[in-house]
Amino acid sequence: MKTKMVSPSILASDFCHLERDIQMLNSSQCDWIHLDVMDGVFVPNVSFGFPVMQAVARVASKPLDVHLMMVYPEKFLHNIKAIGAHSVSVHQEACPHLHRVIGQIKEAGMKAGVALNPATPLYTLEEIICDVDMVMLMSVNPGFGGQRFIPQSIDKTRRLRRMIEESGSHALIEIDGGVSRANAAELYDAGADILVAGSAIFNASDPQAEIEVLKS
Ligand code: DX5
Ligand code: ZN
């Protein structure tokens, strides 16, 4: 059976108690910790930058899964490498030289992911699918936590799984946005490997138990 992984997004954590929330994730069954970086240009919001990510990295004992919602992500790969990130995902829509950026991420020794907005078709991955370690399908329009899951994402996940199998790619499928216990099982069944969840975890009365629900 395929492993079911969960990557909680700290965008929904309590930034006044960030250390407490990271320790909670450290002692949970989560697999990675998801860091959402927003630039106010590619997405209509700003989240946090490197000082916060450095602080998270000092406390976190799980691999850091960085999601760059920004233009020119290549300018910041050395900062992300410096915090010891495990994986970095950049947006297809933000990278005219996607092949180069994916190569730069791998050369820096990190896993390279490509993220697709809900309206971006899968065929835009045809020429890169065998070079990436991960494809992140956005199941909301990026920029905000707590949005409603876009139901077509389930079929898109299924089609991406087929595309990966047919191409011989080893990319993992990560789904990001509006993920909760209401859609987790369907997403894994459709072929997802990793589910990102922010509000579903941090708004739960028992976040660690919610992570277990999402993995089960
Ligand atoms: C959206 C971010 C997501 C978000 C997920 O722009 O990329 O990672 O934080 O949050 P929820 O699970 O609340 O949709
Ligand atoms: Zn994200």
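One-based numbering, in listed order, for ligands and for the atoms of each. Residues: numbered from 1 along the sequence shown. This structure is a prediction, so every number in the text was calculated from the model and none was measured.
Near Gly177, the atoms of ligand 1 lying under 4.0 angstrom from a non-hydrogen atom of the residue are 14 (O). Within the listing of ligand 1, atoms 8 (O) sit less than 4.0 angstrom from a heavy atom of Val196. Using a 4.0 Å cut-off to heavy atoms of Leu11, the atoms of ligand 1 that qualify are 9 (O). Under a 4.0 Å criterion applied to the non-hydrogen atoms of Ala197, ligand 1 contributes the atoms 12 (O). Residue Met138 has at least one heavy-atom neighbour below 4.0 Å for each of these atoms of ligand 1: 7 (O). Within ligand 1, the atoms closer than 4.0 Å to a non-hydrogen atom of Gly145 are 10 (O), 13 (O), numbered from 1 in the order shown. The contact set between ligand 1 and Met38, taken as ligand atoms under 4.0 Å from a residue heavy atom, comprises 6 (O). The distance from ligand 1 to the heavy atoms of His34 drops below 4.0 Å at these ligand atoms: 8 (O).
For the pair Glu174 and His34, the minimum side-chain heavy-atom distance is below 4.5 Å.
With respect to atom 5 (C) of ligand 1, the closest heavy atom belonging to the protein is Asp176 OD1, 3.6 Å. Counting protein heavy atoms only, atom 6 (O) of ligand 1 is closest to Gly143 N, 2.8 Å. Closest to atom 14 (O) of ligand 1 among all protein heavy atoms lies Gly178 N, 2.8 Å. Scanning all protein heavy atoms for the shortest distance to atom 1 (C) of ligand 1 gives Phe144 O, 3.5 Å.
Other residues, nucleotides and ligands contribute at most 12 non-hydrogen atoms within 6.0 Å of the OH atom of Tyr123. For Glu212, the CD atom is densely surrounded, since the number of other residues' heavy atoms within 6.0 Å is greater than 12.
When the options Val135, Leu187, Asp189 are evaluated for a side-chain contact (heavy atoms from CB on, under 4.5 Å) with Thr157, the one that passes is Leu187.
The pair Asp193-Arg161 meets the salt-bridge criterion, with a side-chain N (NZ, NE, NH1 or NH2) lying under 4.0 Å from an Asp/Glu carboxylate O. Ionic pairing of Lys106 and Asp133 is not present here: no N-O contact between side-chain nitrogen and carboxylate oxygen is shorter than 4.0 angstrom.
Checking side-chain atoms of Asp65 against main-chain N and O of Ser87 turns up no donor-acceptor pair under 3.5 Å. Gln208 places a side-chain N or O within 3.5 Å of a backbone atom of Met24 that can act as its donor or acceptor partner.
Contact annotation: for Ser9 versus ligand 1, heavy atoms closer than 4.0 Å belong to the side chain alone.
In this structure, Ala12 falls outside the shell of residues with a heavy atom less than 4.0 angstrom from ligand 1.
Linking Ile, Leu, Val, Met, Phe, Trp and Tyr residues whenever their side-chain heavy atoms come within less than 4.5 Å places Met38 and Leu68 in a single cluster.
Of the listed options Gly198, Ser199, Ala200, Ser199 places a heavy atom closest to atom 13 (O) of ligand 1.
Among the atoms of Val140, none of the N or O lies under 3.5 angstrom from an N or O of ligand 1.
Of all N, O or S atoms in Asp176, the one lying closest to the Zn ion (ligand 2) is OD2.
The shortest non-hydrogen separation linking Gly178 to Asn183 is O-ND2, 3.0 Å.
Gln152 and Asp155 form no side-chain donor-acceptor contact under 3.5 Å, judged by distance and modelled atom types alone.
Note: angle at the Zn ion (ligand 2), from ND1 of His67 to OD1 of Asp36, is 90° (rounded to 10 degrees).
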